[in-house]
Amino acid sequence: MTTALLSTAGELHARVRRGRRAVVMTMGALHEGHATLIRSARGIAGPDGEVVVTVFVNPLQFGAGEDLDRYPRTLDADLELAGRAGADAVFAPSVDEVYPGGEPQVRVSAGPMGERLEGASRPGHFDGMLTVVAKLLHLTRPDVALFGQKDAQQLALIRRMVRDLNFGVEIVAVPTVREEDGLALSSRNRYLSPDERRTALALSRALFAGRDRHAAQEALRARAREVPSTHARAEALSAIGESRAAADAHAVATAAPGGPAAVRAAAGQVLDEAARLDPPLRLDYLALVDPADFTEIGDDFTGEAVLAVAARVGSTRLIDNLPLTFGAAS
């Protein structure tokens with residue numbers, strides 16, 4: 001399949017549309033994580049639909065001192081990867097095409113959720129991100145747009161914008177793609193030296209430690225619920241040792257700290273150890289939040305949550321996250 005390279009909205013709008021149009025928005029430097037998004041888009045659009053990949057390094061979402069100038073631009077390689085993954089077109093507009101007349105005076109505000117975590121670390125980042133996503137949704141006019149779960153706060157804000165401002169588009173989340181060693185795929189991974197990469201693995205290890213601590217606690221509590229509730233049943237199970245095993249599980253589940261506090265502690269221990277490595281990991285934040293508004297959850301929280309981490313290794317800033325479920329829903 002030949003993948004068209006388009007640089008203007010006019011070229012994109014001139015294409016004959018058949019079936020559903022699925023859009024994958026990127027800043028280029030495509031990798032296997034992007035390829036997974038494109039393949040998912042291909043499956044949603046179907047053989048009669050169209051998959052459009054946008055490649056645009058958005059200056060509005062880079063703050064002072066961030067890596068706008070050195071952000072990798074690899075359009076030829078991006079076009080090749082997008083084509084192999086199933087894209088019909090790559091829309092790679094210039095800054096002047098997206099922002100004619102200079103930076104826009106009217107922008108989308110991310111609101112309170114955009115001021116937390118990533119927003120606190122990168123003031124104005126989410127306003128710039130939402131502004132360009134809104135513009136690209138208007139320019140590409142998709143039926144569905146796909147985004148990766150690795151940028152969990154970005155995904156939540158896009159969904160909120162689409163709902164609050166009545167965009168007629170479906171937003172689909174695609175799970176994070178990881179390398180064999182667990183590191184979440186990112187265009188910024190190429191900045192890491194071998195030693196820095198070894199330190200950076202602490203991000204995913206911390207998330208996995210939190211997840212495993214939570215899973216172990218849930219398993220203990222499930223086992224504790226099997227403690228016999230009647231004397232006759234207790235005697236029957238005691239003959240095969242089940243009663244003692246269940247009682248032990250109950251005792252451990254009751255005594256061991258659990259819930260969100262235990263998850264944070266398990267993840268934090270890994271990050272504390274990584275801070276003593278050479279080169280060290282410099283933690284920005286570790287948070288366990290409600291994905292509805294990205295506020296920290298309490299110990300009595302039930303439902304879906306996101307364990308998120310951001311840190312610097314050398315001059316490279318990385319983020320990662322994992323979804324977790326607490327309480328009866330789990």
Side-chain angles (χ1 to χ4, degrees), residues 1-9 11-12 15 17 19-59 61-62 67-95 97-98 129 132-133 135-137 139-152 154-155 158 171-192 197 200 204 316-320:
M1 179 176 64
T2 301
T3 304
L5 178 60
L6 312 173
S7 58
T8 69
E11 292 173 325
L12 183 58
R15 292 177 64 85
R17 292 185 61 162
R20 303 182 81 196
R21 174 178 284 178
V23 165
V24 175
M25 296 185 188
T26 82
M27 293 205 300
L30 302 189
H31 49 64
E32 182 56 30
H34 297 110
T36 298
L37 284 165
I38 297 167
R39 287 192 291 267
S40 298
R42 181 79 270 162
I44 290 172
D48 298 325
E50 182 182 43
V51 174
V52 176
V53 176
T54 69
V55 174
F56 180 66
V57 181
N58 177 33
Q61 64 192 74
F62 287 81
D67 57 353
L68 173 62
D69 291 337
R70 71 167 183 149
Y71 196 88
R73 275 84 164 171
T74 58
L75 184 57
D76 291 341
D78 294 345
L79 184 63
E80 182 179 349
L81 183 148
R84 290 198 309 270
D88 297 288
V90 169
F91 178 49
S94 66
V95 173
E97 178 73 13
V98 177
M129 179 276 294
V132 79
V133 168
K135 288 183 70 76
L136 289 173
L137 287 175
L139 290 171
T140 59
R141 303 172 184 174
D143 299 289
V144 57
L146 294 88
F147 296 88
Q149 289 181 345
K150 186 179 83 71
D151 296 300
Q154 169 181 285
L155 172 63
I158 291 170
I171 302 299
V172 172
V174 177
T176 300
V177 178
R178 298 184 180 278
E179 301 194 38
E180 289 185 2
D181 57 10
L183 188 66
L185 285 174
S186 169
S187 300
R188 290 185 170 93
N189 289 353
R190 67 186 67 195
Y191 298 155
L192 298 170
R197 183 187 172 88
S204 56
T316 303
R317 187 175 184 277
L318 300 170
I319 63 172
D320 202 351

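From a predicted model like this one, the values you see are computed outputs, not experimental measurements.
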Check: Arg42 side chain, Gly49 main-chain N or O, donor-acceptor pair, under 3.5 Å: yes
Under 3.5 Å donor-acceptor, Asp48 side chain and Gly19 backbone: no
Side-chain touch Met25/Leu137, heavy atoms, less than 4.5 angstrom: yes
Distance in Å, Glu80 CD paired with Thr74 OG1, rounded so as to fall on 0.5 Å steps: 11.0 Å
Heavy-atom side-chain contact between Asp151 and Ile319 under 4.5 Å: yes
Exercise: identify the closest heavy-atom pair between Ala92 and Leu5: CB-CD1, 4.2 Å
Side chain to side chain, Ser187 and Tyr71, heavy atoms closer than 4.5 Å: yes
Side-chain touch Thr36/His34, heavy atoms, less than 4.5 angstrom: no
Of Lys150, Arg188, Arg178, the residue whose pairing with Asp320 passes salt bridge (charged side-chain N to carboxylate O under 4.0 Å, His left out): Arg178
Geometric cation-pi criterion, Arg70 with Tyr191: 6.0 Å, 45°: yes
Gap between atom CG of Leu146 and atom OG1 of Thr26 - 0.5 Å precision: 12.5 Å
Any Phe91 side-chain heavy atom under 4.5 Å of Val53 side chain: no
Worked verdict on Glu32 versus Arg39 for salt bridge (charged side-chain N to carboxylate O under 4.0 Å, His left out): CA-CA 10 Å; Glu32 182 56 30; Arg39 287 192 291 267; 2.2 Å; yes
Backbone N/O of Leu192 and side chain of Arg197: donor-acceptor pair under 3.5 Å: no
CG on Leu318 to CG on Leu183, rounded to 0.5 Å: 6.5 Å
Atom pair OG1/NZ of Thr54 and Lys135 - distance to nearest 0.5 Å: 13.5 Å
Spacing of CG belonging to Leu12 relative to CD belonging to Glu97, to within rounding of 0.5 Å: 10.0 Å
From Thr140 atom OG1 to Arg15 atom CZ, the distance as rounded to the nearest 0.5 Å: 12.5 Å
Close side-chain approach of Leu155 and Ile171, heavy atoms under 4.5 Å: yes
Side chains of Thr3 and Leu79 in contact at under 4.5 Å (non-hydrogen atoms): yes
Among Ile38, Asp88, Val24, Val23, the one residue meeting side chain to side chain contact (heavy atoms under 4.5 Å, CB included) with Val52: Val23
Close side-chain approach of Asp143 and Arg17, heavy atoms under 4.5 Å: yes
Closest non-hydrogen atom pair between Thr176 and Gln149, with its separation: OG1-C, 3.6 Å
Gln154 side-chain N/O to Met129 backbone N/O, donor-acceptor pair under 3.5 Å: no
